[in-house]
Number of protein chains: 2
Amino acid sequence: MGDPERMMVGVAEETHRRAGCRPMIEDKWSLTVVSALGAGPRRFTQLKREITGVSQRMLTVTLRSLERDGIISRTVHNVMPAHVSYALTPLGASFLEAVTPMLTWSHDNVKRIVEARLEHDARTP
Amino acid sequence: MGDPERMMVGVAEETHRRAGCRPMIEDKWSLTVVSALGAGPRRFTQLKREITGVSQRMLTVTLRSLERDGIISRTVHNVMPAHVSYALTPLGASFLEAVTPMLTWSHDNVKRIVEARLEHDARTP
DNA sequence: CTGAATCCTGTATGATACTG
DNA sequence: CAGTATCATACAGGATTCAG
């Protein structure tokens with residue numbers, strides 16, 4: 001996790017690559033988490049429920065690194081029972097905005113890609 | 001490569017996840033390649049030169065799967081010496097458009113993220 | 001020039017069990 | 001509830017070599 005080589009957001013240009021950055025999107029859960037938090041602050045268990053398939057460990061790891069990058073904030077509430085809530089920071093919110101076109105595109109074109117694959121696989125045995 | 005579980009573009013929603021898709025962005029080079037091809041068709045060696053750090057293998061692998069997904073086209077020119085050119089398909093071009101906001105955001109916010117990290121690391125020994 | 005075939009390794013992820 | 005600690009593993013990615 002402490003690896004400075006990892007976790008930069010959406011980088012694809014030479015300069016960034018030289019800076020030792022790789023797309024944050026590269027990891028499996030960040031986008032999903034940010035996307036979920038786009039609907040408003042969430043607690044740990046809530047996220048765990050909403051995001052099908054995350055292990056507890058990976059959710060923790062992902063939240064930690066997003067927090068480190070200033071994309072989300074983590075707030076501990078000292079009530080009983082104690083709980084923690086996560087929310088997008090302004091930076092995180094702007095990131096989500098920037099990523100939304102891609103999410104939309106994806107949603108609109110999954111079919112097309114699946115088709116392209118089928119055709120391609122049919123042509124090449 | 002042939003794994004149907006891999007390689008779907010920019011997916012982050014439940015439905016897609018259920019469909020067994022994960023973000024194409026997840027892999028290290030796809031975005032960079034698509035981005036490079038955004039400037040126009042390119043030949044293999046050209047891409048290899050422009051994209052610092054790709055191994056020959058990974059460039060091939062990436063090109064193949066982008067081709068399979070209908071994002072890029074591959075054209076063999078029967079001249080001497082023979083060469084191959086790659087270009088974005090219309091689908092690929094629309095994808096690049098959808099991803100551009102993220103690239104821009106990334107470019108504009110690398111600093112902020114790096115700072116956030118430094119602060120965070122300073123606070124937490 | 002454009003790849004395919006191998007071999008090898010780091011590491012991202014998962015499963016499981018334990019804790020304040 | 002919200003994690004941490006271990007352990008195990010698959011797989012992406014790199015280096016290298018060979019070929020049409």
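Small disclaimer: the values here were computed from a predicted structure and weren't measured. Throughout, protein chains are lettered first and strands after them, A, B, ... in sequence-line order, and every chain is numbered starting at 1.
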Ignoring backbone atoms, test whether B/Arg42 places a side-chain nitrogen or oxygen under 4.0 Å from the OP1 or OP2 oxygen of C/dC1. no
Length of the line joining B/Phe44:CZ and C/dC1:P, which is rounded to integer Å: 11 Å
Got more than 12 heavy atoms from elsewhere within 6.0 Å of CZ, A/Arg112? no
Rounded interatomic separation in angstrom, taking CE from B/Met58 and P from C/dA4: 13 Å
Check the phosphate of D/dC1 against A/Lys48, side-chain N and O only, distance under 4.0 Å to OP1 or OP2. Yes or no? no
Round to the nearest Å and state the distance from A/Trp29 atom CH2 to C/dT11 atom P. 22 Å
Please report the closest heavy-atom contact between A/Trp105 and B/Ser94, naming both atoms and the distance. NE1-OG, 2.7 Å
Phosphate contact (D/dG3 OP1 or OP2) by A/Tyr86 side-chain N/O below 4.0 Å: yes
Between B/Arg57 and D/dA15, is there a side-chain N or O to OP1/OP2 distance below 4.0 Å? no
C/dA4 OP1/OP2 closer than 4.0 Å to side-chain N/O of B/Arg64: yes
Grab the CZ-P distance between A/Arg43 and D/dC1 for me, whole Å please. 7 Å
On DNA chain D, check which nucleotide each of A/Ala82 and B/Val54 is closest to and give me the residue with the more 5' one. A/Ala82
Grab the CG-P distance between A/Leu59 and C/dA12 for me, whole Å please. 17 Å
In the structure I gave you, are the side-chain heavy atoms of B/Leu103 and B/Leu31 within less than 4.5 Å of one another anywhere? yes
Rounded to whole Å, NZ of A/Lys28 lies from P of D/dT9 at a distance of 18 Å
If I take atom NE2 from residue B/His120 and atom CZ from residue A/Arg64, how far apart are they, to the nearest 0.5 angstrom? 8.0 Å
State plainly whether one hydrophobic cluster holds both B/Phe44 and B/Val76, where clusters connect Ile, Leu, Val, Met, Phe, Trp and Tyr through side-chain heavy atoms under 4.5 angstrom apart. yes
Are OP1 or OP2 of D/dA2 and a side-chain N or O of A/Thr45 less than 4.0 angstrom apart? yes
Which nucleotide in D/dA2, C/dG14, C/dG3 has an atom nearest any side-chain atom of B/Thr60: C/dG3
Rounded to the nearest angstrom, tell me the gap between atom CD in A/Gln56 and atom P in C/dG20. 16 Å
To the nearest Å, give me how far apart CD1 (B/Ile51) and P (D/dG13) are. 13 Å
